[in-house]
Colleague: 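Below: one structure in structure tokens.
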Amino acid sequence: MGEEIWLKSYILEQNSQKLHTTTSNLYVSIFDQEGNLKDQKLFQVTNGMGIGNIKIDSTFTEEIYFLKASTNWMKNFHEDISYIQKIEIVSNRKKRSIKNFSQDKFYEFKLFPEGGHLLAETINNLGILIKDKSNNGIAINKGVVKNKKGDIIKEFKTNRFGLGDINLLVNENEIYSFEATLENGIVISQETSIPNKQGITMRVVNSNPDNLFIKVRTNKKSTISLSSKTYTIFIHNTREYQKHEFTFNKKDTVYSLIINKNRLAKGVNTITVFNESFKPVLERIIYNHKEELYSDISIHKISSSIDSLVFQIKNISDQKLYLSSSFLPSQTKAYNSTNSIYNSFLFAPYIKGNIQNIDYYLKNINHKKLRDLDLLLLTQGWSKYSWNNIFNHPPNTNYQFENGITIKGKLNKPLKKDEQLLIFSDENDIIEMITPVEGNFKLSNTFIKENSLIKFGISKKGTNIKKVSPSLQFSKRTSFEKLPQNFNHSTKPINELNYEIKNLKSTFRETEILDEVVVKKKRDIDEASFKKITIPVRKMTDLDLNSDKNVFEFLRKKYVVVNTSQGYSIRSTRATETRSGVVNLFLNNRLVEPQFLWMFNDISLKSIKAIYFGETLGLNPVEQIHIFTLTSDEHRGRNNKLKESKIKKGFSKTKEYYSPEFYTYSGDTFRHFGSVFWIPDISIAPNSIETFKIPTKLQNDIKMHLEGVSESGGLISKKIVLN
């Protein structure tokens, strides 16, 4: 206990497949193995990415928990498209008794007719799936298919992932038995269902690099009833689609379609066949491989010592990259996630289950790997989207797109004409001087932090600020979440680890967990520091700012303020050949973009500590204005009184990563379950190199797991051992 779940979130916009720059509110919930909500945090997402952590304290007494990450907008859809990860707490493992079971109960053997069902008196293709108790595929070199008389009519095999397929001429009313002999001599079997007497079946061939082949088959009994009916082959994902129609006749039983893969959407596509009433009758998921789905990097070790390691990441693309990386002991047994960034964005939006061994299929892709991936998708059945919901229950906008937290307040009585309400929070970067309407006010799209303080006071000309206690209301800061009904709540552990944990707690150093300490530094605004970047420097102090005007009015008197389509633009009256006339405005050391200059209408000069004027160094100087606001302590130094309100629920505070201390880094406990380091926020410019230094925790070899996305949406997933 005392560890943290550290997480980096990436949110892509499903249509563009790029980072979702407008998403800001991400709910991360923890459930126990029964599906009961244990904890929930609200994380801030900026430019499609967020960083956070959840503490594992003494109340986490179960062995298995589930983490779910979602947004409010996702609730508008019938299908659950949230991220779910199973988590095992090793120190809570209970001794497992070994029960005697029949060995053949440890295996999963399933058959998947392509398209969804078998059709009599025609050739059908069936997907085959065989797995052991640990969900690992079993390779079968020679399985047999028997008819109801017990005669062997065909043989089959599976690859090392337990996947295979077979073409089979199915007779009417015939049930076939598939038998596989395992290495230990156990024979496992599975039977087919009774085939349909009439209808259609489908065969998709996706092995050609350029073209996709689709065959729709029927039987002689069906030709009369199907004659003159027009069916539609619909190839689609959530972004684009194409359709192809064909009409049955009384003669033909096979209808073929060839499609150039360049016309298909990249990544996962769903092929659905609709009948004349536009009812779905067959469906199949395929993957259309395109290199632009991915981006790549190269990693090189530079140097290492007994306690640290230096390496470089080279961006070999012309896109900016956003990455995060975990560093684990090379013998780790703790990391076995099926939710890689490939799974989450390429497959999870379309299929019902997780894909294991994703790196095999999508790294160094060749014909064999694409064939194996096609077998895997054949055994996934229909896509996760219900056509009944699509046609009859389209999503409604019942849940709004959230952007921060809105605070609404009401004063006990309206302010007088010469009074303003001061709202200040150093923790939340809020300073506002506003005039409530009939005592009502609103702060929109704030990012207030949990357990932070907001302070309120009434400012009146010529008097000190007096405290006030408005009543406050907040927009939604929590979300009602639950695990999907069909989600596996099984208590079966993530990994069957052949390792016994003996008194795991004793391997940690006896340390006291101290409360988080926030160190605040007074803003350094002395003239000497500004002369390093701007000359000349002029300063207005609080002695010059005793005015009832706001900052915007002040700027209008000294500069030309132009209202443009991008926002307000501040121009100098001293534009020359070497001076552009552009003026950059900084608030508390942050550049204020033109679209946000309007906010200075609401900031009184009384709340300003100092204003500096200067210009950049160089041949083409640019004028700059640096504005600094008063801190709450400085307000109080003027005998101001502010009323504090504690915000219990809000966005989770970001904490710097740390790894738990161990008595020894050479023992099995650390090598199997410890963490060396984590870098959550890596950004690398196009065609450039960044250098990093990490601790080694006395490990000779470190396994690096790096994932991320490019600015164009290319996915990155890399595993490498640094030694």
Side-chain angles (χ1 to χ4, degrees), residues 10-23 48 71 73-74 76-81 115 202 204-206 208-214 216 230-246 256-275 278-295 319 341-352 355 361-362 365 370 373-374 377-378 380-397 401 709-715:
Y10 298 90
I11 301 178
L12 299 190
E13 200 278 318
Q14 199 154 339
N15 287 328
S16 68
Q17 290 295 288
K18 296 180 181 179
L19 286 167
H20 204 306
T21 56
T22 55
T23 293
T71 66
W73 182 258
M74 289 179 179
N76 290 309
F77 304 93
H78 297 282
E79 294 76 19
D80 194 304
I81 54 177
M202 176 169 57
V204 177
V205 178
N206 193 24
N208 186 284
D210 301 317
N211 297 306
L212 178 73
F213 299 90
I214 302 174
V216 175
T230 299
Y231 277 35
T232 303
I233 298 176
F234 199 62
I235 306 174
H236 55 98
N237 59 15
T238 57
R239 303 181 300 279
E240 52 189 289
Y241 72 91
Q242 58 176 279
K243 68 176 183 178
H244 305 269
E245 295 180 341
F246 66 99
S256 300
L257 177 66
I258 302 175
I259 302 173
N260 189 304
K261 288 186 176 180
N262 289 327
R263 295 180 56 197
L264 298 177
K266 58 188 178 183
V268 169
N269 286 257
T270 302
I271 302 170
T272 308
V273 180
F274 294 89
N275 65 13
F278 219 68
K279 176 183 177 181
V281 292
L282 299 172
E283 192 161 273
R284 167 79 149 89
I285 302 172
I286 64 163
Y287 184 75
N288 184 28
H289 170 65
K290 296 293 180 182
E291 288 296 333
E292 56 263 34
L293 288 167
Y294 314 97
S295 192
Q319 299 283 327
I341 200 166
Y342 288 159
N343 262 336
S344 297
F345 292 126
L346 293 179
F347 296 99
Y350 312 99
I351 66 175
K352 297 173 183 176
I355 293 182
Y361 298 107
L362 300 183
I365 294 177
L370 289 176
L373 179 57
D374 194 56
L377 295 178
L378 174 61
Q380 291 296 314
W382 284 35
S383 73
K384 73 189 302 180
Y385 291 95
S386 164
W387 286 105
N388 178 57
N389 288 335
I390 292 172
F391 288 136
N392 302 317
H393 307 285
N396 297 315
T397 311
F401 191 89
V709 62
S710 73
E711 59 185 337
S712 64
L715 302 178

Colleague: Within this structure, what is the OG1-CD1 distance for the pair T71 and I11, rounded to the nearest 0.5 Å?
Modeller: 6.5 Å

Colleague: Does L715 form a side-chain contact (heavy atoms from CB on, under 4.5 Å) with L293? I'd like the steps, not just the answer.
Modeller: CA-CA 6 Å; L715 302 178; L293 288 167; over 6 Å; no

Colleague: So L257 and F246, side-chain contact (heavy atoms from CB on, under 4.5 Å) or not? Walk me through it.
Modeller: CA-CA 9 Å; L257 177 66; F246 66 99; over 6 Å; no

Colleague: Within the supplied structure, the quantity of interest is the number of heavy atoms (other residues, nucleotides, ligands) at a distance under 6.0 Å from Y241 OH; does it exceed 12?
Modeller: no

Colleague: To check you understand the geometry: which heavy-atom pair defines the closest contact between W382 and G115, and what is its length?
Modeller: NE1-O, 2.9 Å

Colleague: What's the spacing between L19 CG and L12 CG if we round to 0.5 Å?
Modeller: 5.5 Å

Colleague: Taking the side chain as C-beta and beyond, is there a heavy-atom pair between I235 and I214 under 4.5 Å?
Modeller: yes

Colleague: With Y342 as reference, evaluate Y294, Y10, Y287 under the ring pair (Phe, Tyr, Trp, His ring centres under 6.0 Å) test and give the passing residue.
Modeller: Y294

Colleague: Any idea which heavy atoms bring Q17 and F345 closest together, and the distance?
Modeller: OE1-O, 4.1 Å

Colleague: So which of N269, D210, N206 actually passes side chain to side chain donor-acceptor pair (under 3.5 Å) with K261?
Modeller: N206

Colleague: Could you please spell out the steps behind the side-chain contact (heavy atoms from CB on, under 4.5 Å) verdict for L377 and Y361?
Modeller: CA-CA 12 Å; L377 295 178; Y361 298 107; over 6 Å; no

Colleague: Before you tell me yes or no, could you show the steps for K290 and N262 under side-chain contact (heavy atoms from CB on, under 4.5 Å), namely the whole-Å CA-CA distance, both residues' side-chain angles and the distance that decides it to 0.1 Å?
Modeller: CA-CA 9 Å; K290 296 293 180 182; N262 289 327; 2.8 Å; yes

Colleague: Does a side-chain heavy-atom distance below 4.5 Å link L346 with K266?
Modeller: no

Colleague: Looking only at heavy atoms, what is the nearest atom pair of S344 and P349, with distance?
Modeller: O-CD, 3.4 Å

Colleague: Name the residue from N260, V205, N288, L264 that meets the side chain to side chain contact (heavy atoms under 4.5 Å, CB included) definition with L212.
Modeller: L264

Colleague: Quick one: CD on Q242 to CD1 on I259, what's the gap to the nearest 0.5 Å?
Modeller: 5.0 Å

Colleague: Distance-only, no hydrogens or angles: does the Q380 side chain make a donor-acceptor pair with backbone N or O of I285 under 3.5 Å?
Modeller: no

Colleague: Hey, are the side chains of L362 and H289 touching, using non-hydrogen atoms and a 4.5 Å cut-off?
Modeller: no

Colleague: If you measure only the distance, is there a donor-acceptor pair under 3.5 Å linking the side chains of T272 and T270?
Modeller: no

Colleague: Does the N237 side chain pair with the main chain of E240, one donor and one acceptor, at a distance under 3.5 Å?
Modeller: yes

Colleague: If you draw a 6.0 Å radius around NZ in K243, do more than 12 non-hydrogen atoms from other residues or ligands fall strictly inside?
Modeller: no

Colleague: Nearest 0.5 Å, what's the CD-CD distance between E292 and Q319?
Modeller: 12.0 Å

Colleague: To the nearest 0.5 Å, how far apart are NE2 in H20 and CH2 in W73?
Modeller: 9.0 Å

Colleague: Distance check, rounded to the nearest 0.5 Å: L370 atom CG versus I365 atom CD1?
Modeller: 5.5 Å

Colleague: Under 3.5 Å, side chain of N208 to main-chain N/O of F213, donor-acceptor pair present?
Modeller: no

Colleague: Considering non-hydrogen atoms only, spot the tightest contact between P280 and F274 and give its length.
Modeller: N-CD2, 3.5 Å

Colleague: Check whether any side-chain N or O of E245 sits under 3.5 Å from a backbone N or O of T230 as a donor-acceptor pair, and report yes or no.
Modeller: no

